[in-house]
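Scroll down for the structure; my scribbles are underneath it.
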Amino acid sequence: MEVFASPRSEESQEEDEQEKQTDRAWENRQSGEAASPSASQELEPEVADSLKEGGQPGEVALPSSSQDLEPKIADSLEEEKNLAPEPQPSDGTLPQSPGSGGRVSGAHLGEPDAAISPPVTEPRSEGPPRLRPSAPDFAPPTRPEQDIHETSEAGEPRASHSEVSYERQSTPHLPGSEEFPSYFFQQLQDLNQNTSPRKEPVDWGIFHQDESKSSSDLNQSELGLNQKGAPEPAAPSKLEIAAQNAKAYLLKRSSKSGLNLYDHLSKILTRILDERPENVVDIIENISQDVKMAHFNKKLDTLQDEHEVPLAYEIAEKQKTLFLQGNLEGDQEQEDEIAESPLPNIMESAFYFEQAGVGLSTDETYRIFLALKQLTDTQPVHTCRFWGKILGREMNYIVAEVEFREGEDEEEIEEEDMSEESEADEDEKDELPKSSYKGTQMIPKEENRTGANKYVYFVCNEPGRPWVRLPSVTPAQIVIARKIKKFFTGRLDAPITSYPPFPGNESNYLRAQIARISAGTHISPLGFYHFGEGEEEEDEDEEAEGGRDNYEKNPDFEGIRVTDLVESLSNWVHHVQYILRQGRCNWFNPIQKNEDEEAEKEEEEEEEEEEDEVEEKREEPANIEKEVGPPLLTPISEDLDIQNIPPWTAQLSSNLIPQYAIAVLRSNLWLGAYAFSDGKKFENIYMGWGHKYSPDNYVPSLPPLVQKEYPSGTEIMEMDDPTVNEEQAFQVAQEKALFESENIEETEEEEEDDEDEDEDD
Amino acid sequence: MDSESLLLSLELASGSGQGLSPDRRASLLTSLLLVKRDYRYDRVLFWGRILGLVADYYIAQGLGPDQLGERKSLYSLNCMEWSLLPPATEEMVTQTSVVKGRFMGDPSHEYEHVEMQRMTEGDRTYEDEVVIQIKEESRLVSVIDQIDKAVAIIPRGAFFKTPFGPVHVNRTFEGLTLADAKKLTSYFHFTEPIELKNKSLLEKADLDPSLDFLDNLEHDIPKGSWSVQMERGNALVVLRSLLWPGLTFFHAPRTKNHGYIYVGTVLSLDVDSVLSLKFLWMILGHCIAASITFKCAIMYQSLCTMSSCFCFFHSVSIPGGLYSSHGIPPVFKSFLA
């Protein structure tokens with residue numbers, strides 16, 4: 001409190017000067033009535049005491065206490081004072097305060113001096129924060145005589161001196177204090193009065209000091225009092241003085257924390273009265289601590305909180321656009337759109353999933369709903385589905401599964417252009433000698449709208465944030481994704497550090513996992529889809545390529561009873577193609593194009609020993625060149641067990657009301673994948689970390705064995721150095737041979753010479 | 001999460017996609033009230049759901065006057081009839097730790113575990129196969145205990161310790177500030193502190209004995225095993241454990257709403273063995289790097305075999321990154337990053 005006491009006290013001084021005139025007029029008015037408050041005051045000690053004991057301070061006690069303390073409150077209480085008995089009991093009625101007469105007279109005397117005195121009081125009023133606490137210490141014990149003297153003559157004025165300092169002191173509180181209930185101060189005051197008598201001896205010291213500084217400022221002090229608006233110049237009792245001194249003591253600030261007990265108590269009480277907790281007495285320590293902590297926390301918070309808030313606003317702002325987007329379009333267009341909107345009713349499916357105990361809160365679902373609407377409005381979407389939510393470490397992904405309208409895949413083309421450009425760049429840069437090593441042949445990724453790339457996926461971190469299109473998946477990414485296990489971060493551009501190295505960043509990994517999850521867990525009731533009739537002619541061709549990959553809604557589907565759906569898993573079929581070990585849904589034969597690499601290819605196939613999508617049966621063909629997965633629309637009852645764990649758990653949503661329950665299927669392979677069906681409708685959803693279940697802990701594949709650097713053989717093996725004997729023997733043999741050759745033919749000699757010449761060249 | 005604010009808590013924790021169906025919610029609201037009366041608990045927590053192959057276990061916990069005192073766990077299959085579980089003992093935990101895989105959803109189901117035991121008969125010793133029967137109920141007890149010890153958390157200040165020892169709910173708790181809510185230091189393990197005693201005097205100096213009487217999450221092993229996210233535009237902070245995927249903790253900053261729920265299959269990362277091998281792996285990584293540098297094929301080969309043996313025997317996950325450019329396997333970093 002006192003930290004800002006001094007500046008305000010200056011203000012208050014200025015105010016003092018300004019208000020002087022008005023105050024004086026007021027004083028004049030009051031002077032007539034002066035006795036009335038004083039009277040009430042004098043009566044008070046008894047009244048107040050009795051009230052104190054009763055614990056219920058009455059209104060009667062108000063004037064005396066508040067006037068000294070809080071001029072403004074005193075103002076507000078003026079009326080009450082005025083209501084106090086008009087007939088003035090004279091000063092003589094106050095035997096216990098000898099100086100009271102002096103005080104009253106002082107008040108009267110002081111008035112004329114008012115205009116002159118303020119400058120004198122001002123320096124003092126600046127002092128209080130310093131003066132007051134030190135006053136008791138400085139009280140000179142060596143002035144007993146003077147003390148008595150002063151007491152008899154000017155005791156009261158001095159008391160009012162102390163009041164002046166009080167007022168100066170307490171004025172700073174005023175703005176805050178005004179909020180306080182008046183009776184609250186009453187209580188405090190009473191408290192002070194209660195405790196005050198003991199302080200009296202010490203308190204006199206204050207008067208000493210005041211006296212020593214300005215012994216004759218009787219009027220000034222009175223003036224100060226009056227300026228403050230204390231209406232009555234009545235003589236306070238010893239009790240009152242003591243109370244004020246007690247208050248002075250309470251206002252003494254701590255040398256460590258700079259707080260003072262008075263403010264602290266008032267804060268505590270304010271808080272208690274505001275909050276009105278039960279059993280206050282039990283938690284008063286906590287409140288006291290909280291109040292103190294709040295005092296210190298503020299400083300820290302200002303810096304720390306600053307940057308947090310805009311983020312919240314930013315998201316709110318973004319989501320606001322979601323709610324406003326409906327208004328942007330004309331009515332006519334809107335009607336057309338409603339007729340053929342690709343927007344799925346995810347609130348409905350959310351309702352069904354809620355029956356199954358899965359799903360987000362209604363609020364979040366609706367926001368996703370709006371976000372999907374935004375997506376379908378901005379993209380040429382043919383069908384759209386809420387795929388699910390993948391949890392990440394920093395942020396989560398909301399995934400939308402989208403099929404574009406025919407011939408509207410502009411982005412994909414752009415993307416391809418981009419990739420070509422980047423390749424071109426690489427070629428330009430690539431001046432370094434290239435390795436002659438040819439890696440295993442890349443298996444080309446599947447065309448859009450087929451296989452694992454049948455759908456396009458959009459993700460966003462939060463409804464309202466922009467939707468980002470995921471790149472289409474390549475077989476290599478799926479193959480590696482099966483070998484690694486990583487948590488998603490929530491940032492699409494985050495690198496994937498893993499062994500074996502993953503080709504791409506998190507967006508590719510996410511896309512690969514989505515493809516795997518879709519292939520493993522997207523199921524529908526038997527008969528909901530059937531192979532289109534138009535496809536039958538092509539069947540034979542496609543059969544050769546690994547099965548039909550197109551199906552359409554069966555218009556004749558009549559629904560399956562829910563109990564049947566729960567009891568027999570053969571009533572459910574996969575409607576997403578199985579992904580082969582190769583990483584494609586449709587077998588791509590690398591050998592056709594590259595006969596030379598056949599052997600290499602086979603090796604690679606063998607290396608892929610990583611356990612595959614276990615949930616689907618796999619007939620290992622004798623011919624390793626061709627991988628065959630189960631055809632589309634295979635019943636899930638044929639899914640493989642995971643080490644004796646059934647791959648699906650089927651339950652009724654409710655056993656309490658089975659008539660209206662729905663069938664709920666939970667995948668045990670991809671924890672978080674659910675499907676429901678009420679017999680006619682069905683939906684799949686995934687909510688989880690994007691990890692496949694495995695009963696054993698994840699073990700990364702080991703690094704490959706070291707390759708041989710060179711072929712070891714006699715040709716490049718280092719020979720032992722010949723011994724001396726060997727050398728000699730060799731020399732002898734050589735000479736012998738030379739000798740013999742010389743003897744054979746002379747012509748050869750010539751030839752040898754030629755050779756020598758050549759060697760020299 | 002507190003059973004009294006169940007609906008709100010479920011709503012706040014729904015971001016992970018796991019909730020309760022309406023009939024389960026309704027029955028919980030009814031039955032937990034009765035549990036509180038019948039067992040005379042001061043507070044009843046809805047702990048979560050363990051997904052079994054056939055049925056799910058719903059778990060509730062009852063707390064006495066001392067919030068950190070013994071927690072009684074109850075389970076139910078239909079959210080209506082609750083059965084009290086025995087307290088977890090160390091023996092039970094070690095015994096059931098051999099069981100892997102999923103819960104069945106039948107408390108009387110018995111897992112069979114074959115163990116080689118050394119028998120002594122007179123002078124000669126021989127090894128014999130002993131089949132140990134482990135009831136699913138005791139596995140349930142130990143798993144709940146494990147999860148509670150590892151990842152049950154509360155925000156700082158939600159509970160306070162009285163000088164006499166008991167821990168009470170702090171009724172003046174007004175929630176963490178937004179800045180604090182993002183820090184792991186503001187959250188405590190809601191279990192008997194272990195690390196606290198090992199702290200140095202210097203570290204303890206700033207601690208408030210009535211509030212900081214538990215271990216905070218800052219030094220949890222492995223580092224990064226908590227995902228802290230702000231949801232709903234900073235109005236909700238959600239902590240998810242990566243160690244026990246399925247545990248979701250929520251707290252709305254500046255309110256007293258907080259709680260955690262576990263919905264999962266009790267599949268966890270096997271940290272102990274991973275960590276014990278972390279050091280070995282670092283050494284192995286260095287050696288392998290050295291063997292590559294010096295082109296010592298035999299050394300490389302044997303080291304690789306060694307590492308594969310480690311993997312095999314401990315059936316442990318050593319995340320990739322062994323051959324990252326740094327040479328040292330940044331085991332957890334790369335795993336979690």
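Every heavy atom of this structure was used, including side-chain atoms; hydrogens, water molecules and symmetry mates were not. Order of the sequence lines sets the chain letters (A, B, ...), proteins ahead of strands, with each chain counted from 1. Note that the structure is predicted; figures quoted are calculated from it, not measured.
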Top contributor to chain B interface from [options] [non-hydrogen pairs under 4.5 Å]:
options	result
A:Arg666, A:Glu275, A:Met395	A:Arg666
A:Ala494, A:Gly392, A:Gly388, A:Pro277	A:Gly392
A:Leu656, A:Asn668, A:Asn286	A:Asn668

Checking [X] against chain B: side chain, backbone, both or neither under 4.5 Å from a heavy atom?
X	value
A:Leu360	both
A:Gln319	neither
A:Arg367	neither
A:Ser654	both
A:Gln355	both
A:Glu354	both
A:Glu278	both

For [X], which atoms come within 4.5 Å of any heavy atom of chain A: side chain, backbone, both, or neither?
X	answer
B:Leu53	both
B:Val54	backbone
B:Val228	backbone
B:Leu12	neither
B:Arg232	both

Do you know the tightest heavy-atom contact between [X] and [Y]?
X	Y	result
B:Glu11	A:Ser361	OE2-CB, 3.5 Å
B:Arg25	B:Leu7	CD-CD2, 3.7 Å
A:Ile480	A:Pro501	CG2-O, 3.6 Å

Look at the aromatic rings of [X] and [Y] and report parallel, tilted or perpendicular, splitting at 30° and 60°.
X	Y	result
A:Phe487	A:His691	tilted
A:Tyr686	A:Trp670	perpendicular
B:Trp244	B:Tyr262	perpendicular

| Do A:Asp274 and A:Lys267 pass the salt bridge (Lys or Arg N to Asp or Glu O under 4.0 Å) test, and can you show the C-alpha distance, the side-chain angles, and the key distance before you say yes or no? | CA-CA 10 Å; A:Asp274 284 349; A:Lys267 274 184 200 162; over 6 Å; no

Contact leader toward chain A among [options], where contacts are heavy-atom pairs under 4.5 Å:
options	answer
B:Leu20, B:Thr265, B:Leu51	B:Leu51
B:Gly101, B:Ser27, B:Gly15	B:Gly15
B:Gly19, B:Gly17, B:Ala13	B:Gly17

| message | Between B:Ser76 and B:Asn78, is there a side-chain donor-acceptor contact under 3.5 Å, judged purely by atom types and distance? | response |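 Yes, B:Ser76 and B:Asn78 have a side-chain donor paired with an acceptor closer than 3.5 Å.
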
| request: Under the salt bridge (Lys or Arg N to Asp or Glu O under 4.0 Å) rule, what do B:Glu174 and B:Lys256 come out as? Steps first, then yes or no, please. | output: CA-CA 5 Å; B:Glu174 289 167 340; B:Lys256 51 169 62 176; over 6 Å; no

| message | Could you check, using the six-membered ring where one of them is a Trp, whether A:Tyr674 and A:Phe353 have ring centers closer than 6.0 angstrom? | response |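 Between A:Tyr674 and A:Phe353, the centre distance exceeds or equals 6.0 Å.
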
| request: For B:Arg24, enumerate each residue passing the salt bridge (charged side-chain N to carboxylate O under 4.0 Å, His left out) test, keeping only those at least two apart in sequence or located in another chain. | output: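 Once residues adjacent in sequence are excluded, B:Arg24 has no partner under the salt bridge (charged side-chain N to carboxylate O under 4.0 Å, His left out) criterion.
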
